[in-house]
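Beneath this line is the structure, given in structure tokens, with notes to follow.
Below, all heavy atoms of this structure are taken into account, side chains as well, without hydrogens, waters or symmetry copies.
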Amino acid sequence: MLAWYDVHARVLPWRSPPGTPPPEPYRVWLSEVMLQQTTVATVAPRFAAFLARWPTVEALAAADDADVMREWAGLGYYARARNMLAAARAVVAAGGFPREAAGLRALPGVGDYTAAAVAAIAFGERALVLDGNVERVVARLAAVDAPLPAARTRLRAALDPQTPADRPGDFAQAMMDLGATVCTPRAPRCDLCPLAQGCVAHALGRETDFPVKAAKRERPVRDGLAWWLEVDGAVLLVRRPAKGLLGGMPALPSDGWRGEPGEPPCPAPWREAARVTHGFTHFELRLRVLAATLPVRPALAGEWWPVARLADAGLPTLFARAADAVLAARRAPCLGLEP
DNA sequence: AAGCCGTGGTA
DNA sequence: TTACCAAGGCT
């Protein structure tokens with residue numbers, strides 16, 4: 001694997017070339033958090049922006065919470081951003097990053113995978129780095145037919161003897177690169193794989209039968225309302241509760257999205273201005289946006305944000321799309337919804 | 001343990 | 001179009 005990695009390693013902004021000293025722990029940790037359930041292509045430019053704005057863990061620890069959430073807007077899984085900031089502050093308070101997986105694992109937002117990845121890549125610890133890519137590679141190598149995630153213990157047992165004491169960080173990244181570029185979920189390129197000789201799934205001609213995954217539940221549809229309240233060119237934004245869906249993010253006022261229309265933030269001549277559908281992990285939302293304009297600002301909690309600068313508000317994608325839909329309908333009313 | 005938690009790309 | 005999936009973690 002290491003010889004393969006020396007030739008085929010992907011060049012990524014948070015990575016140093018094979019066999020060279022690792023990047024600072026801060027960069028490794030930051031990239032690993034951003035990469036949780038998020039593609040390399042999505043992360044690359046956002047990682048650069050974060051690093052430019054907060055070049056060190058000390059700088060990030062000193063950042064304003066709202067600035068961090070705004071910088072994270074659109075990346076999803078917003079608990080990552082809240083945990084990341086808490087972890088940065090814990091690291092600075094402790095005088096630096098823990099140098100072992102066990103200590104890293106105690107940081108908020110750092111689970112088994114991320115702790116092992118940072119320990120291996122940044123500190124050279126022989127930790128077992130098991131992410132979705134490595135799960136797929138190992139499940140095929142050993143033809144593990146037990147369904148994930150329960151089979152993770154078996155995959156870990158199969159990975160352990162393969163993980164070297166020398167260059168464990170490069171080994172981990174090699175396995176992930178192999179999973180991302182060769183041992184892909186669909187149409188794996190076994191002709192390019194350095195492990196094909198010893199791969200049981202390949203020998204069986206059943207590569208794509210592994211890993212086996214537990215059946216997932218179907219995604220229900222929920223209906224919800226949001227309100228676009230505008231006064232003098234500014235729209236009312238509220239801050240969502242710190243925990244839960246889109247936690248800590250700015251938002252349009254909205255109801256509980258449980259199908260029973262909630263109460264608007266204030267009396268106003270509400271009219272339906274847009275509809276958007278948005279897929280979350282565990283449900284699909286059909287959101288109706290009701291809009292009204294008032295002559296004076298009512299006394300409401302929240303922030304009046306200039307519509308012309310709404311792109312800078314750091315809205316999560318759902319509300320950014322809702323806002324776009326409202327403004328698009330305003331520009332082309334004949335194409336919009338009926339009154 | 002299993003549900004909760006975003007978003008964008010791909011076939 | 002739908003379905004799957006991406007360097008998972010928390011409760």
With a 4.0 Å cut-off on heavy atoms, is [X] in touch with a base, just the backbone sugar-phosphate, or nothing at all?
| X | result |
| --- | --- |
| A:Leu318 | sugar-phosphate |
| A:Pro149 | nothing |
| A:Val33 | nothing |
| A:Trp14 | base |
| A:Arg136 | sugar-phosphate |
| A:Thr42 | nothing |
| A:Gly74 | sugar-phosphate |
| A:Arg82 | nothing |
| A:Thr114 | sugar-phosphate |

Return the nearest nucleotide to the side chain of [X]; candidates are [options].
| X | options | value |
| --- | --- | --- |
| A:Arg186 | B:dT7, C:dA7, C:dC4 | C:dC4 |
| A:Gln36 | C:dG9, B:dT7, C:dA7 | C:dG9 |
| A:His278 | B:dG6, B:dC4, C:dA6 | B:dG6 |
| A:Tyr77 | C:dA6, C:dG8, C:dA7 | C:dG8 |
| A:Leu245 | B:dT7, B:dC5, C:dC4 | B:dC5 |
| A:Lys213 | C:dA6, C:dA7, B:dG6 | C:dA6 |

A:Arg240 NZ/CZ over A:Trp257 ring centroid, <6.0 Å and within 45° of normal: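 Geometry flag: set, cation within 6.0 Å and 45°.
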5′-ward residue of the pair A:Leu12/A:Gly109 relative to DNA chain C: A:Leu12
Between A:Val110 and A:Ser31, which is nearer to the 5' end of DNA chain C once each is assigned its nearest nucleotide? A:Ser31
Taking atom types as they are modelled, is there a donor-acceptor pair under 3.5 Å from the base of B:dG6 to the side chain of A:Thr281?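 Yes.
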What's the spacing between A:Leu128 CG and A:Asp112 CG if we round to 0.5 Å? 10.0 Å
CG of A:Leu60 to OH of A:Tyr26: how many Å apart, nearest 0.5 Å?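 If I round to the nearest 0.5 Å, the distance is 4.5 Å.
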Is there a side-chain polar atom (N or O) of A:His282 under 4.0 Å from OP1 or OP2 of B:dC5? yes
So, is A:Arg217 close to the B:dA2 phosphate, meaning a side-chain N or O under 4.0 Å from OP1 or OP2?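 Looking at the OP1 and OP2 atoms of B:dA2, neither is under 4.0 Å from any side-chain N or O of A:Arg217.
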When you measure from every atom of DNA chain B, which of residues 96-104 of chain A have a heavy atom less than 4.0 Å away?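 Residues of residues 96-104 of chain A that come under 4.0 Å of DNA chain B do not exist, since none gets that close.
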Examine the side chains of A:Arg80 and A:Thr38 and answer whether a donor and an acceptor come within less than 3.5 Å of each other. yes
Does one side chain, of A:Tyr113 or A:Glu32, offer a donor that lies under 3.5 Å from an acceptor on the other? yes
Verify whether the ring centers belonging to A:His282 and A:Phe280 lie closer than 6.0 Å.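 Centroid separation for A:His282 and A:Phe280: 6.0 Å or greater.
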Any A:Val221 side-chain heavy atom under 4.5 Å of A:Arg286 side chain: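 With C-beta onward as the side chain, the pair touches.
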